[in-house]
Amino acid sequence: MNALSKPQAGFDPYAAREQFPILKRDVNGKPLIYLDSAASAQKPEAVIEAVADVWRGSYANVHRGLHTLANEATAAFENARATIGRFIGAERSEEIVLTKGATDAINLVASSIGQTLEEGDEVILSQMEHHSNIVPWHFLRERKGVVIKWAPVTEDGRIDLEAYEALFSVRTRFVSLVHMSNVLGTLNPATRLAEIAHAHGVPIMFDGTQSAVHSHIDVAELGCDFFAFTGHKLYGPNGVGVLYAAGDWLNRLAPYQGGGEMIAEVSEDGVVYADAPHKFEAGTPAIAEVIGLGAAIEWLTAQDRVAIHAHELSLLDRMMAGLDEFDDVRVLGTAQEKGGIVSFVMENAHAHDLAQLMDKYGVAVRAGHHCAHPLMKRYGVTATVRASIALYNTAEDVDAFLEALKKARSFLI
Ligand SMILES: *Cc1c(COP(=O)(O)O)cnc(C)c1O
């Protein structure tokens with residue numbers, strides 16, 4: 001092992017890997033090199049066991065139960081909500097709505113805020129949003145005549161702050177921005193972005209789906225009104241996500257979906273809603289998955305996250321330096337404030353072909369538009385290859401990736 005491949009003090013990726021059973025398998029006769037965690041991360045034993053334990057030992061529907069299993073499941077479910085709230089620095093558990101994912105959380109906000117908007121009202125997004133944070137706002141454009149304004153992205157992959165500030169007008173009603181780009185890896189200056197929005201009297205939401213994984217989140221420090229993220233990219237189960245809403249936002253917003261669990265009383269003449277956050281949680285939730293997300297967060301926060309961050313950045317540097325050796329590779333996203341997500345294109349080779357060939361060597365990377373069509377258009381490309389780094393990746397993974405890319409290239413060019 002050379003110097004770079006030595007684990008950082010405080011975090012040993014080789015030991016961490018042992019806790020992820022899937023990483024032991026082969027793919028196409030080669031050891032699996034998993035570099036697709038920005039699409040979905042693999043799960044440690046602690047999460048697999050937590051989910052299985054619910055189903056094996058204390059499963060029942062939550063809330064309003066009068067029997068022991070229902071009470072156990074409810075306690076574990078609400079305990080997970082409290083863990084999730086602490087993880088992002090929420091003041092109270094009541095600020096945490098459990099959703100199906102980040103997409104569901106953003107749709108909730110767009111739909112509920114949307115009910116207060118009128119034709120000609122404006123919302124600000126950026127060119128680097130995931131479709132999850134674009135399409136729900138297009139609904140409001142189509143249905144209510146809401147105007148979407150786009151904060152431009154600089155060549156190195158940052159939100160242009162001056163241009164962003166210039167978008168505000170007397171009609172601006174809401175800002176929704178990605179905290180960390182799932183394509184560029186850029187970590188946006190959230191505190192500053194929120195200050196600017198608030199200086200104009202406009203509330204702001206961050207899509208924290210990637211930043212919750214790769215950085216320390218304190219919603220008070222970010223100063224945001226809403227923060228959305230998803231369980232399955234945070235080493236937790238899929239089918240569960242989180243919406244944080246500061247202070248009494250949830251009391252001020254109309255509910256998103258109707259059904260059981262979100263009501264206090266229903267009659268033939270009307271409905272009295274349950275208190276927040278339950279008002280926003282219609283229907284039976286993803287019980288074991290929510291508890292599994294609580295377990296994922298407990299597992300993650302028991303690690304040295306500062307050392308994990310340093311480990312991921314050292315792999316990022318190694319990957320960027322390796323890609324720099326290819327004169328036909330162009331990396332999209334070279335900002336200073338960047339985490340372990342690397343998107344690139346290669347001259348004369350299609351991203352899909354590269355990804356498929358690399359899979360022959362056991363290397364799992366993603367190719368495509370990464371649910372970010374406006375960003376692809378911004379850079380004049382239709383697809384990129386994306387390699388994304390997680391805590392369980394190693395310097396050997398990065399080297400295998402570079403080697404596979406070289407071999408794939410030799411087939412194509
Ligand atoms: C993955 C992703 C989403 C969507 O998350 P889901 O879990 O699919 O709802 C939204 N925003 C970003 C930045 C993402 O990476």
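In listed order, ligands and their atoms are each counted from 1. Keep in mind that what you see is a predicted model, and the values were worked out from it rather than measured.
- For atom 4 (C) of ligand 1, the closest non-hydrogen atom on the protein side is Ser132 OG, 3.5 Å.
- In summary, the side chains of Tyr392 and Ser37 do present a donor paired with an acceptor at a separation below 3.5 Å, with no hydrogens or angles considered.
- With hydrogens left out, the protein atom closest to atom 14 (C) of ligand 1 is Lys233 NZ, 3.0 Å, a heavy atom.
- There is a side-chain donor-acceptor pair under 3.5 Å between Trp299 and Gln19.
- Protein heavy atom nearest atom 8 (O) of ligand 1, with residue, atom name and distance: Thr103 OG1, 3.7 Å.
- Taking a cutoff of 4.0 Å between a charged side-chain nitrogen and a carboxylate oxygen, Arg171 and Glu119 do not qualify as a salt bridge.
- Neither the backbone nor the side chain of Lys100 has a heavy atom within less than 4.0 Å of ligand 1.
- In summary, the atoms of ligand 1 found under 4.0 Å from a heavy atom of His232, numbered by their order in the structure, are 6 (P), 7 (O).
- At a 4.0 Å heavy-atom cut-off, ligand 1 touches Thr230 through the side chain alone.
- Minimum heavy-atom separation, Gln127 to Pro152: OE1-CA, 3.3 Å.
- Atoms of ligand 1 lying under 4.0 Å from at least one heavy atom of Val178, given by number and element, are 13 (C).
- The closest side-chain donor-acceptor pair between His63 and Glu78 falls under 3.5 angstrom.
- Using modelled atom types, no side-chain atom of Glu281 and backbone atom of Glu261 make a donor-acceptor pair closer than 3.5 Å.
- No side-chain donor-acceptor contact under 3.5 Å links His311 and Asn393.
- Under 4.0 angstrom from ligand 1, the non-hydrogen atoms of Ala102 come from both its backbone and its side chain.
- On a distance-only criterion, Asp207 and ligand 1 share at least one N/O pair closer than 3.5 Å.
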